[in-house]
Chemist: 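Dropping a structure here in structure tokens format, bear with me for questions.
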Amino acid sequence: RRSSDLNKNATILFQKCDNPAASLAHELLHIITQLNGYKKIELWTSPKLDTEDFNILMAALDNELQHHKFYNQFISYGYKDKEFYVDSDKYTEIILRPKINSYIKSNNISLIKIIPDFLTTIGKGGHISEESKKEIIELFYSINNNQYETQLKNIQLLIERWSLSDSYDSIDIHKKIILEIDPASSFGSGQH
């Protein structure tokens, strides 16, 4: 499933899945979120951060920020936590744990490389139980001997506050998160 907003037209594509109504609702909520003022950032630069890692981060942020903004509305329609993501979400924890263990063993991984997986972990809904999420978050904190714990906590708090606010301004929240990753960054963006 995927949604895109091109020239004020929305296209939703999805394939066979266990719950097509929930999948359609999820994608419609992406579009509604954008109609409410969420701007997808389509051009970004960071002279200090690795381009590939930065592109992965920005794509993950775009998707996950929208999820945080509309999750409660999705649930209010009567859908369940486990219906919020694609069918393969049931494997997310199985995929995440070895990745996090490799991050911990490396003892030299950059913050920008772990944030997309951290965003997945703190995401609303899905198949990962709240107890497992708490445990996995603690594993993230332990990476590089707790080097990034403060930034990860700050990023989570920024996202929680933003998701509860009435604002759909995506530029400011992106800037704040990038500055958590690299306080010396200058944020350049063009937006849709």
Side-chain angles (χ1 to χ4, degrees), residues 2 4 30 33-34 38-69 71 84-86 88-89 91-126 128 132-165 167-192:
R2 177 178 55 169
S4 60
H30 271 289
T33 299
Q34 292 167 35
Y38 181 95
K39 302 272 191 251
K40 291 176 72 68
I41 299 174
E42 295 183 341
L43 175 66
W44 49 79
T45 62
S46 176
K48 295 188 175 214
L49 300 173
D50 176 79
T51 302
E52 183 179 347
D53 291 338
F54 193 64
N55 288 339
I56 291 168
L57 169 70
M58 294 302 284
L61 269 176
D62 175 58
N63 199 39
E64 294 298 338
L65 286 172
Q66 290 185 66
H67 289 166
H68 279 270
K69 195 56 113 170
Y71 170 77
F84 192 57
Y85 300 108
V86 297
S88 61
D89 178 64
Y91 305 111
T92 299
E93 184 173 356
I94 295 167
I95 294 167
L96 266 177
R97 285 189 180 271
K99 287 175 83 175
I100 297 164
N101 287 334
S102 72
Y103 298 156
I104 292 167
K105 286 179 185 172
S106 79
N107 206 29
N108 188 27
I109 191 154
S110 67
L111 179 58
I112 195 170
K113 284 191 182 294
I114 67 170
I115 289 179
D117 289 325
F118 182 73
L119 293 173
T120 298
T121 303
I122 65 170
K124 300 287 189 177
I128 304 174
S132 286
K133 280 186 183 190
K134 288 177 186 174
E135 181 185 321
I136 293 168
I137 288 168
E138 290 297 322
L139 291 172
F140 272 104
Y141 293 162
S142 74
I143 292 171
N144 291 2
N145 296 314
N146 296 75
Q147 180 180 0
Y148 305 130
E149 181 176 1
T150 299
Q151 287 118 315
L152 292 172
K153 285 180 177 179
N154 289 344
I155 289 168
Q156 185 172 6
L157 186 60
L158 285 167
I159 292 171
E160 287 173 7
R161 286 182 180 160
W162 179 81
S163 71
L164 296 173
S165 76
S167 173
Y168 283 85
D169 176 15
S170 63
I171 305 300
D172 191 51
I173 186 70
H174 278 86
K175 284 181 186 178
K176 288 177 178 175
I177 291 170
I178 298 303
L179 290 172
E180 282 295 329
I181 297 166
D182 180 16
S185 275
S186 60
F187 190 87
S189 71
Q191 64 187 25
H192 185 285

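The figures here come from the full heavy-atom set of this structure, side chains too, leaving out hydrogens, waters and symmetry mates.
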Chemist: Main chain of Ser167, side chain of Lys69: is a donor-acceptor contact present, judged purely on distance under 3.5 Å?
Modeler: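 Yes, because the side chain of Lys69 sits within donor-acceptor range (under 3.5 Å) of the backbone of Ser167.
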Chemist: Is it the case that the side chain of Asp50 and the backbone of Asp53 share a donor-acceptor pair, with hydrogens and angles ignored and the cut-off at 3.5 Å?
Modeler: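 The answer is yes, because a donor-acceptor pair under 3.5 Å joins these two groups.
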Chemist: Between Glu93 and Arg97, does any NZ, NE, NH1 or NH2 come within less than 4.0 Å of an OD or OE carboxylate oxygen?
Modeler: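 Glu93 and Arg97: salt-bridged.
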Chemist: Provide the closest heavy-atom pair for Tyr38 versus His174 in the form atom of the first, atom of the second, distance.
Modeler: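 Looks like OH-CE1, 3.6 Å.
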Chemist: What is the distance from atom CD1 of Ile112 to atom CG of Leu57, rounded to the nearest 0.5 Å?
Modeler: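 Rounded to the nearest 0.5 Å, the CD1-CG separation comes out at 5.0 Å.
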Chemist: Find out whether His67 and Lys124 are in side-chain contact, i.e. whether some heavy atom of one side chain is under 4.5 Å from a heavy atom of the other.
Modeler: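 They are not in contact (no side-chain heavy atoms under 4.5 Å apart), so the answer is no.
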Chemist: Looking at Trp162 and Asp169, would you say the former's side chain and the latter's main chain have a donor-acceptor pair under 3.5 Å?
Modeler: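 Yes; judged by distance alone, with no hydrogens or angles, the pair exists.
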Chemist: As an exercise, state the distance from CD1 of Ile173 to OG of Ser163, rounded to the nearest 0.5 Å.
Modeler: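 Between Ile173 CD1 and Ser163 OG, I get 9.0 Å after rounding to 0.5 Å.
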Chemist: What are the two closest heavy atoms between Phe140 and Asp117, and how far apart are they?
Modeler: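 Here Phe140 and Asp117 meet closest at CZ-C, 3.6 Å.
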Chemist: Is Ile159 close to Ile177 at the side-chain level, that is, under 4.5 Å between some pair of heavy atoms?
Modeler: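 With C-beta onward as the side chain, the pair touches.
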Chemist: If we ignore hydrogens and angles and just use 3.5 Å, is the side chain of Asn145 paired with the main-chain N or O of Asn107 as donor and acceptor?
Modeler: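 Side chain of Asn145 to backbone of Asn107: no pair is present.
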Chemist: Report yes if some heavy atom in the side chain of Phe54 is under 4.5 Å from a heavy atom in the side chain of Ile178; otherwise report no.
Modeler: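 Heavy-atom side-chain distance check passes, below 4.5 Å.
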Chemist: Do you know the tightest heavy-atom contact between Asp89 and Gly126?
Modeler: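 The pair with the smallest heavy-atom distance is OD2-CA, 3.2 Å.
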Chemist: Kindly determine whether Lys153 and Glu149 satisfy salt bridge (charged side-chain N to carboxylate O under 4.0 Å, His left out), including the steps that lead there.
Modeler: CA-CA 6 Å; Lys153 285 180 177 179; Glu149 181 176 1; 2.8 Å; yes
Chemist: Could you go through Leu119 and Asn63, starting from their C-alpha distance and side-chain angles, then the distance that decides it, and tell me whether this counts as side chain to side chain contact (heavy atoms under 4.5 Å, CB included)?
Modeler: CA-CA 10 Å; Leu119 293 173; Asn63 199 39; over 6 Å; no
Chemist: Which heavy atom of Ile137 sits nearest a heavy atom of Gln156, and at what distance?
Modeler: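 Distance-wise, the nearest heavy atoms are CD1-NE2, 4.1 Å.
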Chemist: Going from OG on Ser106 to CG on Asn101, what distance comes out if it is rounded to the nearest 0.5 angstrom?
Modeler: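 Nearest 0.5 Å value for the OG-CG distance: 11.0 Å.
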Chemist: Inspect the contact between Glu138 and Lys134 and indicate whether a charged nitrogen and a carboxylate oxygen are less than 4.0 angstrom apart.
Modeler: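 Looking at Glu138 together with Lys134, the answer is no, because their closest N to O distance does not fall below 4.0 Å.
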Chemist: In the structure I gave you, are the side-chain heavy atoms of Ile122 and Leu152 within less than 4.5 Å of one another anywhere?
Modeler: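 The answer is no, as the side chains (C-beta and beyond) never meet within the 4.5 Å cut-off.
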Chemist: Is the side chain of Lys99 donor-acceptor paired with the backbone N or O of Ile114 at a distance under 3.5 Å, no angle test?
Modeler: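 No: the side chain of Lys99 does not pair with the backbone of Ile114.
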Chemist: Within the structure provided, determine whether Ile41 and Leu61 are in side-chain contact (heavy-atom separation under 4.5 Å).
Modeler: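 Answer no - side chains too far apart.
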Chemist: Tell me, with the steps shown, if Leu139 and Thr121 meet side chain to side chain contact (heavy atoms under 4.5 Å, CB included).
Modeler: CA-CA 11 Å; Leu139 291 172; Thr121 303; over 6 Å; no
Chemist: Name the one of Gln66, Glu64, Met58 that satisfies side chain to side chain contact (heavy atoms under 4.5 Å, CB included) with Asp62?
Modeler: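 Of Gln66, Glu64, Met58, side chain to side chain contact (heavy atoms under 4.5 Å, CB included) with Asp62 is met by Gln66 alone.
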Chemist: Which value, rounded to the nearest 0.5 Å, describes the distance between Ile128 atom CD1 and Glu135 atom CD?
Modeler: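 Rounded to the nearest 0.5 Å, the CD1-CD separation comes out at 11.0 Å.
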Chemist: Closer than 3.5 angstrom, by distance alone: can the side chain of Ser170 be matched with the main-chain N or O of Lys39 as a donor-acceptor pair?
Modeler: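 A pair under 3.5 Å: yes.
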Chemist: Could you grab the distance from atom CD1 of Ile181 to atom CD1 of Ile115, nearest 0.5 Å is fine?
Modeler: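 Taking CD1 in Ile181 and CD1 in Ile115, the distance rounds to 3.5 Å.
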Chemist: Parallel, tilted or perpendicular for Tyr141 and Phe118, by the 30°/60° rule?
Modeler: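 Tilted.
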Chemist: Kindly compute the distance separating CD1 (Ile109) from CD1 (Ile143), expressed to the nearest 0.5 Å.
Modeler: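 Answer rounded to 0.5 Å: 7.0 Å.
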Chemist: Relative to Tyr103, does Lys113 satisfy both conditions: NZ or CZ under 6.0 angstrom from the six-membered ring centre, and within 45 degrees of the ring's axis?
Modeler: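 Geometry flag: not set, cation outside 6.0 Å or 45°.
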Chemist: Could you please spell out the steps behind the side chain to side chain contact (heavy atoms under 4.5 Å, CB included) verdict for Asn144 and Leu111?
Modeler: CA-CA 10 Å; Asn144 291 2; Leu111 179 58; over 6 Å; no
